[in-house]
There are 2 protein chains.
Amino acid sequence: MPEAAEEARPGRANRVAKLPPRERILDAAEELFHAEGIRGVGVQAVADRAGTTKAALYRHFGTKDALVAQWLLIVAADYVAAFDRVEERWPDEPLAQIRGVAAFVVDTLSTISHRGCPFINSLAELPDRDHPARQVIEAHKARQLRRLTAMCAAAGLTDPEGAAAEITFALEGAQVSAQNGSVDRIGERLVTFVDAVLVRHTA
Amino acid sequence: MPEAAEEARPGRANRVAKLPPRERILDAAEELFHAEGIRGVGVQAVADRAGTTKAALYRHFGTKDALVAQWLLIVAADYVAAFDRVEERWPDEPLAQIRGVAAFVVDTLSTISHRGCPFINSLAELPDRDHPARQVIEAHKARQLRRLTAMCAAAGLTDPEGAAAEITFALEGAQVSAQNGSVDRIGERLVTFVDAVLVRHTA
DNA sequence: CTTGCATGATACCGATCGGTATCATTCGGA
DNA sequence: TCCGAATGATACCGATCGGTATCATGCAAG
């Protein structure tokens, strides 16, 4: 039974084992960049984790910075998918959509256990405003705020921009607080909090 | 006029010129770590900026990690001083104290122009939970939350812990939003927001 | 005046960094 | 079947990293 060797490493590994190198590298990058930080992980470590070599990594991405940008593009796509999901699940119910977005962030709070939001962390690690990953981050933040504002407007809230800004505060503050672990019961507090914002902005 | 040479470099530099090396190093570290990130600044660069040498740096701090911890201790002391100030300025007026703390954070929002909160950034750059600077960060966050909770309790708010947690969300979320620049008029929004929290938790 | 300590300058250490070059192997499509 | 592209392995490059050792200077207290 030769294929039994696939279960040698548990979890993610065997699922990834036979993917093309580009996918394996992105998978390894996601894991390592998030766990150790961008500047704390060398390209050799990423290649090793992906079961390939530095040469293959540079053939596909050309630069470590480009790899970082590609990784953040994937993370951003997860958020886009989450917004799509809540819009599909509660059509014509913008208030439910907003609560759905908050619930999505609450879910990520446990997933990203104590290592925080990849975008916030990357922003701290990439002070260079010309870094290719910065464009990805800014585009993501702008898109998220735009969709949130649209939901607030559709819900008939007074001052949709203000409501969306406050909700953004709360979402990002919750992720930071979860990272440093000083505040407990963050998920519940965040939901309560977003509800309060919605109520206050309702005529 | 020999002392006229002191005004050769504008701003901070001449004030620092004749301080003992330890102070100059901490001053340079504060500037560089915040601007470029901890991992983005080498000890040689800190020593150069301080007008001294690596040898002197290691004589005083022993380790780069220890220097980072000392730097964060100073930043934390600034926050402690801010809390002391609002308590001294509005004794027996806890609501005014809380608003004063929020105003202090609003002030820092422009000071730390687009480079974010040193604690949040350092947390992203130091994934190692045993890093000496982590203890400084955790102690700071815990102390800040404790004092904020005490103010909320003194103000007679229902659920002081909840109110303090929500205010913490807002303060940290505002700093992150200021860093990525996606949200405008952050200062006003933060003040509005904290007021709303106080109102909602008032019986 | 002299002694002693902190400082500044410099060279050096091994390790690791991002990135490149070379070459044998493998594998899928014509 | 054969060919060409993609892959894996490995060695190498210059630069920089955190950290150490050495030594001459300068300054301040005895």
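Numbers restart at 1 for each chain; the letters A, B, ... are given by sequence-line order, proteins then strands.
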Shorter than 3.5 Å, N or O on both sides, protein versus nucleotides 8-17 of chain D: list them out with atom names.
{"from": "D/dG8", "atom 1": "OP1", "to": "A/Arg24", "atom 2": "NH2", "distance (Å)": "3.0"}
{"from": "D/dG8", "atom 1": "OP2", "to": "A/Thr52", "atom 2": "OG1", "distance (Å)": "2.7"}
{"from": "D/dG8", "atom 1": "N7", "to": "A/Arg59", "atom 2": "NH2", "distance (Å)": "3.2"}
{"from": "D/dG8", "atom 1": "O6", "to": "A/Arg59", "atom 2": "NH2", "distance (Å)": "3.1"}

Expressed as a whole number of angstroms, how long is the span from [X]:[atom1] to [N]:[atom2]?
X: B/Arg22; N: C/dC5; atom1: CZ; atom2: C1'; answer: 18 Å
X: A/Asp48; N: D/dT7; atom1: CG; atom2: C1'; answer: 16 Å
X: B/Ile25; N: C/dA6; atom1: CD1; atom2: C1'; answer: 12 Å
X: A/Ile38; N: C/dG18; atom1: CD1; atom2: P; answer: 12 Å

Without placing hydrogens or testing angles, list every side-chain donor-acceptor pair under 3.5 Å for residues 180-189 of chain B, not counting sequence neighbours.
{"from": "B/Asn180", "atom 1": "OD1", "to": "B/Ser182", "atom 2": "N", "distance (Å)": "2.9"}
{"from": "B/Asn180", "atom 1": "OD1", "to": "B/Ser182", "atom 2": "OG", "distance (Å)": "2.8"}
{"from": "B/Asp184", "atom 1": "OD1", "to": "B/Arg189", "atom 2": "NH2", "distance (Å)": "3.4"}
{"from": "B/Arg185", "atom 1": "NE", "to": "B/Glu188", "atom 2": "OE1", "distance (Å)": "3.3"}
{"from": "B/Arg189", "atom 1": "NE", "to": "B/Asp184", "atom 2": "O", "distance (Å)": "3.0"}

inquiry  = Less than 4.0 angstrom between a side-chain N/O of A/His60 and OP1 or OP2 of D/dT7, yes or no?
reply    =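 A/His60 to D/dT7 OP1/OP2: side-chain N or O found under 4.0 Å.
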task = Only counting residues at least two apart or in another chain, list the ones meeting ring-ring contact (aromatic ring centres under 6.0 Å, His included) with A/Tyr58.
result = none
inquiry  = Once ring-ring contact (aromatic ring centres under 6.0 Å, His included) is applied, do any residues pair with B/His60, and if so which ones, sequence neighbours excluded?
reply    = none
key: side chain to side chain contact (heavy atoms under 4.5 Å, CB included) partners for B/Arg147, two or more places apart   = B/Val80, B/Phe83, B/Asp84, B/Glu87, B/Arg143
ask   = Residues in side chain to side chain contact (heavy atoms under 4.5 Å, CB included) with B/Arg59, at least two apart?
value = B/Ala55, B/Ala56
ask   = Aromatic rings A/Phe33 and A/Trp71: how do their planes relate, parallel, tilted or perpendicular, breaks at 30° and 60°?
value = tilted
